[in-house]
Amino acid sequence: MEKVAFIINPFSAKRNYQPFLNELHSKVKNPLYYISESILGTDEFIQNHFAEIDIFVAIGGDGTISTVARNLINTEKILAIFPAGSGNGFSNETNFSKNLDELLEKINTKKSRKIDTFTINGRLSINVSGTGFDGKVVKEFEKTTRGFKNYIKVSLKTFFSYKPKKVKFLDEKYQEYDGKYLMVNIANTRQFGNNAYIAPQASKSDGLVDMVLVKKFPITYSPLFAFRMFTKKLKDDNYITYLPVSEIEFKVNTTNWHIDGEFNKIKSPVHVKVQPSSLNILT
């Protein structure tokens with residue numbers, strides 16, 4: 001298969017990438033692939049093959065996809081995905097499945113479309129990024145063996161001890177929203193992953209992101225919050241505020257963030273900016 005490269009994160013999905021590689025070899029003659037050892041290694045592989053490759057396939061979770069995507073921003077190169085992460089939020093939202101035949105058919109068809117991405121203090125995000133409670137959860141979650149059950153355990157343990165963070169907006173028109181929040185999310189797509197829809201109305205092609213402000217709610221509200229999140233019914237109420245924005249700047253008294261599910265340190269002031277139609281993705 002010419003003009004296609006496969007980039008594999010060997011640490012995704014419990015490090016079980018060999019079945020994918022075996023299947024790839026059985027269906028594609030002499031595939032060009034790279035088993036990534038680091039972000040730098042992935043960047044170098046893409047740059048070394050950039051001229052002759054049209055489609056770069058990321059095999060991994062949202063963090064892997066984001067690493068590949070940042071090399072393709074504002075180019076005609078096409079991103080494709082074989083989901084192999086724990087949540088697979090972005091691949092769910094872009095209609096990629098764990099079916100290699102289906103992926104190869106898409107590659108042969110070679111249809112693509114442009115979608116939005118955004119930056120947080122210059123760092124690329126393609127899906128959902130956030131700070132506050134979920135930033136802390138991601139930090140603690142990375143100390144475990146991952147998996148949905150561990151995510152729930154870490155989330156519950158963190159919820160009871162977590163103190164809301166102060167958010168202060170620099171633009172006067174948003175200062176009515178200054179306050180303390182359990183979490184702040186910036187959503188380019190609708191879900192974190194595992195079909196947990198934090199921003200059901202978000203669109204990856206409208207030039208906007210949804211800023212989701214969640215106040216700390218009583219434990220009695222938790223079942224309703226969870227039900228709405230998993231049924232795409234979260235909406236503005238006493239605890240949740242949605243702000244569709246193309247650009248926004250604010251301060252928050254924590255540096256703990258997750259960008260597409262990967263823990264990051266980000267200092268205030270925080271500048272969020274949408275990059276409209278910046279990523280070419282296989283359809």
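Keep in mind that what you see is a predicted model, and the values were worked out from it rather than measured. In what follows, every heavy atom counts, from backbone to side chain, and hydrogens, waters and symmetry copies are set aside.
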Could you tell me if the side chain of Asp54 sits less than 4.5 Å from the side chain of Lys77, heavy atoms only?
yes
Do Asn280 and Arg113 have side-chain atoms, one donor and one acceptor, less than 3.5 Å apart?
no
Can you confirm if the NZ or CZ of Lys216 lies within 45° of the ring axis of Tyr221 and under 6.0 Å from the centre of its six-membered ring?
no
Return each pair, listed once, that meets ring pair (Phe, Tyr, Trp, His ring centres under 6.0 Å) where at least one residue sits in residues 66-114; pairs must be two or more places apart or across chains.
Phe20-Phe82
What distance do Ser203 atom OG and Asn188 atom CG have between them, rounded to the nearest 0.5 Å?
8.0 Å
Show your reasoning for whether side chain to side chain contact (heavy atoms under 4.5 Å, CB included) applies to Met183 and Thr131.
CA-CA 6 Å; Met183 58 184 180; Thr131 187; over 6 Å; no
Check whether Thr64 reaches the backbone of Asn9 with its side chain - one donor and one acceptor, N or O, closer than 3.5 Å.
no
Rounded to the nearest 0.5 Å, how far does CZ of Arg70 lie from CG of Leu279?
13.5 Å
Say whether, by atom type as modelled, one donor and one acceptor occur between the side chain of Asp237 and the main chain of Tyr239 under 3.5 angstrom.
yes
For the residue pair Thr42 and Ser36, confirm or rule out a side-chain donor-acceptor distance under 3.5 Å.
yes
Is atom NZ of Lys166 surrounded by more than 12 heavy atoms (other residues, nucleotides or ligands) closer than 6.0 Å?
no
Strictly by modelled atom types, are Thr283 and Ser112 linked by a side-chain donor-acceptor pair under 3.5 Å?
no
Among residues two or more places apart or on two chains, list those pairs meeting ring pair (Phe, Tyr, Trp, His ring centres under 6.0 Å) that have a residue in residues 175-216.
none
With rounding to the nearest 0.5 angstrom, report the CZ to NZ distance, Phe118 to Lys204.
14.0 Å
May I have all residue pairs that pass salt bridge (Lys or Arg N to Asp or Glu O under 4.0 Å) and include part of residues 176-198, sequence neighbours excluded?
Glu93-Arg190, Lys168-Asp178
Under the salt bridge (charged side-chain N to carboxylate O under 4.0 Å, His left out) test, which residues partner Lys157, sequence neighbours left out?
none
Under a 3.5 Å threshold, yes or no: a donor from one side chain and an acceptor from the other, between Asn48 and Glu44?
no
Dump the intermediate steps for side-chain hydrogen bond (donor to acceptor under 3.5 Å, both in side chains) on Asn22 and Tyr17, then the final yes or no.
CA-CA 9 Å; Asn22 293 342; Tyr17 70 91; over 6 Å; no
Within the distance-only criterion (no hydrogens, no angle test), does the side chain of Asn88 pair as donor or acceptor with the backbone N or O of Gly85 below 3.5 angstrom?
yes
Over 60° means perpendicular and under 30° means parallel, so tell me whether Phe45 and Tyr34 are parallel, tilted or perpendicular.
parallel
Distance in Å, Phe50 CZ paired with Asp43 CG, rounded so as to fall on 0.5 Å steps
12.0 Å
Please verify the inter-ring angle class for Tyr162 with Phe133; under 30° counts as parallel, over 60° as perpendicular, anything in between as tilted.
perpendicular
Is it the case that atom CD in Glu172 sees more than 12 heavy atoms from other parts of the structure closer than 6.0 Å?
no
Name all residues meeting the salt bridge (charged side-chain N to carboxylate O under 4.0 Å, His left out) criterion together with Asp236; count only those two or more places apart in sequence or in a different chain, and write none if there are none.
none
List in chain and number order the residues that pass salt bridge (charged side-chain N to carboxylate O under 4.0 Å, His left out) with Lys251, two or more places apart in sequence or in another chain; answer none if no residue qualifies.
none
Is a side-chain N or O of Asn121 found less than 3.5 angstrom from the main chain of His271, in a donor-acceptor match?
yes
Please round to the nearest 0.5 Å and tell me the distance separating atom OG of Ser129 and atom CG of Asp62.
9.5 Å
Consider only side-chain N and O atoms of Thr189 and Asn127, and report whether a donor and an acceptor are under 3.5 Å apart.
yes
